[in-house]
Number of protein chains: 2
Amino acid sequence: MTRGEARSGGSAAPRGVDVARLAGVSQKTVSRVFNGEQYVSAEVRRRVLQAAETLGYRLNNAARALASGRTRSIGVVALGTALYGPASLLIGIERAARDAGYALRVVNTLEGDPGGVAGAVESLLEQGVDGIVVSEPIDEGGVSLSIDVPVLVLGAPASFAGPRAVATGVGAESLARAATEHLLDLGHMTVHHIAGPQRWFAARDRLAGWRAALTARGRDQPPVIEGDWSAASGYAAGLELASGGDVTAVFAANDDMAIGLIRALTDAGLRVPGDVSVVGFDDIPVAAYVTPQLTTVRQPFDAVAQDGLRLLVQSIEKPDVELPPANDPPVDLVVRCSTAPPPRRQAQGRGRRQTASRSRGGAHAPPDADESPSVR
Amino acid sequence: MTRGEARSGGSAAPRGVDVARLAGVSQKTVSRVFNGEQYVSAEVRRRVLQAAETLGYRLNNAARALASGRTRSIGVVALGTALYGPASLLIGIERAARDAGYALRVVNTLEGDPGGVAGAVESLLEQGVDGIVVSEPIDEGGVSLSIDVPVLVLGAPASFAGPRAVATGVGAESLARAATEHLLDLGHMTVHHIAGPQRWFAARDRLAGWRAALTARGRDQPPVIEGDWSAASGYAAGLELASGGDVTAVFAANDDMAIGLIRALTDAGLRVPGDVSVVGFDDIPVAAYVTPQLTTVRQPFDAVAQDGLRLLVQSIEKPDVELPPANDPPVDLVVRCSTAPPPRRQAQGRGRRQTASRSRGGAHAPPDADESPSVR
DNA sequence: TTGAAAGCGCTAACAG
DNA sequence: CTGTTAGCGCTTTCAA
């Protein structure tokens, strides 16, 4: 059965020529109209659009891609977890891609799977994407991807994905540093850290930020406890810390672990923030409503995604122009009620500016109604 | 510049003919090998694979789609929120699609946007997907989609997406019913409900389940308070309920609202579960670690996604075969510490089987280490 | 078991 | 401003 027969039969999708015929123009003109090219008279454009409308015409992207060598789509390699951070980032990426006129193809890697990223990239390449974003990957060891499209790496070193890759940080290190400094500013002698799994670059960055803050002030670096992002692991870490005895401040690498930690501390008879102060990371939706309301830092997912995609799209569309450096994402520390000056000495920490907004969380006040009690 | 020149230049991607030439076969044979067709001798297959390997050959999907009329990809219309439920469902869909050999194209709709789903579907169709899944949509009023590919609607009536659509429930109604019944079984005379935004089908289903449970036992239906899924709205609802005075049990349509609610109740001087019992919905990761540990119900995202995709793939590949009915998803009630018998009368609720596992949440025991203290 | 020929519906390059 | 002519790299017949 040839296409012509199908047409008279009536059920197949209309093509550009069909529209052209109806509008009394050439197929190329139809193409021009649908690509928003200039040099089409208003009258012709109207006729074409009209004809397309009556026929229910729709551009065929496969044909377009084949002819032009471009798909106007971006592939993303994600981790496939419902963790707040990665999920939020994916949403930001989708929106930024759509705004830039690109469709999104998503492949998740299973966390256990070695070489998962490489496989995912391969399948994306086969699908013919114009660019790839690797979102908050974990370190799988010597990955060497020979990719012939631009790659944006979010939250990991560019070297991760080969020479032609661009990278954008998600600001994790400076956020971690701010979180730690907040605790130090409150008068704590040092800050413990419950880290995320160190295979994640995201976890390493947070650790690095914590370390940097401590180093900058010449403070001790207590041993790090490594969790797995889960509240359960935070709980386990909390039990360990509680038995240690000399802990007054903890920075947890995400809010879930912070919440588990707080529960363990509380179960062990310690008060938060009376005895121990805790800062989380992410500002998950319930952070303002758990007890005590969680002091945390917030990642600028939308800004990061938008910025990164701008870079990626540029290196797709104008490969020769030098890329502008990515903006430094803003630091957003949200001070609530899980942090306070340490119990005994150094009570002079009290009253500093950083602690001012703590007073908003009074027992009967709706927590955080305005959603932005940020400092810095 | 013709393709031949590019080849000798050396940089362009190798095509099927190039592989064919090197392997000394026809291009069609290469195609046969890469499609796993039969009737290729082992020897020839080996040679082709070998040649492809040395050339770094990769199938061109655009060409394939153009020639065959199929893309082996599925489009999903999602809501673009980082809410635990929708995010988890998307992950389940991705995995199920990948397992079935389909790539995924994702488009999010902005919540405010009227006709958002229709627009998203349109863009997916233009991209040439073989099937579409609409994931937990909100009701945008009279949507009439004239879609010429199979559609799977997850968590909404099939009618939502036109005559040819398949639908799979996510079990929300029976879960809501189970949650409500749990409270009733504990001895509460009735159960209040904090609903999700009623434009969401998901929210309506939960409300329906709650109503069904109450009706079945001939209990009063207290007025419903409608939240917006956020902890803040749960908090507001809690304040309202606390001022009412006669509340002993509340079922919240998601965990975030339940947590906000509990905070409001606590702030108002009520004890949970001493004075008021609360059940949530979702079992978000921190549910087992907040205070009190949250009793909640868990949605079977993976099962639902897998089941739904099986249906979708079948109606893509075998449009004529009658679809088997979708399985009823399992009901998974997770009883923790936010529920108990009501304060005064009806103390005989105590000791029933449903409450047995509550004892696990003793003050110093790690909450829920095994992750599955489910009942029913 | 293999191959040859003919498109799929569009864009690119070049004329008018 | 508009049209013509070639493909893009596959899959689909139909033969051999």
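In the text below, chain A, chain B and the rest are named by the order of the sequence lines, each starting its count at 1.
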| Between A/N35 and C/dT11, does any side-chain N or O lie under 4.0 Å from OP1 or OP2? | yes

| message | Go nucleotide by nucleotide along DNA chain C from the 5' end; which of B/S68 and B/V25 gets its closest nucleotide reached first? | response | B/V25

| said: Over all strands shown, is B/Q38 touching base, sugar-phosphate only, or nothing at heavy-atom distances under 4.0 angstrom? | reply: nothing

| Of A/N60 and B/V40, the one whose closest DNA chain C nucleotide lies more 5' | B/V40

| query | When the distance from CZ of A/R32 to P of C/dC10 is rounded to whole Å, what number comes out? | reply | 15 Å

| field | Integer-rounded Å distance: D/dG7 C1' and A/R64 CZ | value | 18 Å

| task | Whole angstrom is fine here: how far is it from CD in B/E37 over to C1' in C/dT1? | result | 12 Å

| query | Which is true for A/Y57 with a 4.0 Å heavy-atom rule: it touches a base, it touches only sugar-phosphate, or it touches nothing? | reply | sugar-phosphate

| Between B/A158 and B/V166, which heavy-atom pair has the shortest distance, and what is it? | CB-C, 4.2 Å

| request: For the side chain of B/T29, starting at C-beta, report the closest nucleotide among C/dG3, D/dG9, D/dT11. | output: C/dG3

| note | Whole-Å distance, B/K28 NZ to C/dT1 C1', equals 13 Å

| query | Rounded to the Å, how far apart are A/R45 CZ and D/dC1 C1'? | reply | 11 Å

| query | Of the candidate nucleotides C/dT2, C/dC10, D/dG9, which contains the atom at the shortest distance from the side chain of A/R15? | reply | C/dC10

| message | Distance check, rounded to the nearest 0.5 Å: B/N60 atom CG versus B/R15 atom CZ? | response | 11.0 Å

| request: Mind calculating the distance between OH (B/Y39) and P (D/dT12) to the nearest angstrom? | output: 17 Å

| field | Residue pair A/Y102 / A/L309, side-chain heavy-atom distance below 4.5 Å | value | no

| A/R46: partners by salt bridge (charged side-chain N to carboxylate O under 4.0 Å, His left out), with sequence neighbours left out | A/E43

| task | Round to the nearest Å and state the distance from A/R70 atom CZ to C/dC10 atom P. | result | 18 Å

| Whole angstrom value for the distance that separates P of D/dC10 from CG of A/L66 | 9 Å

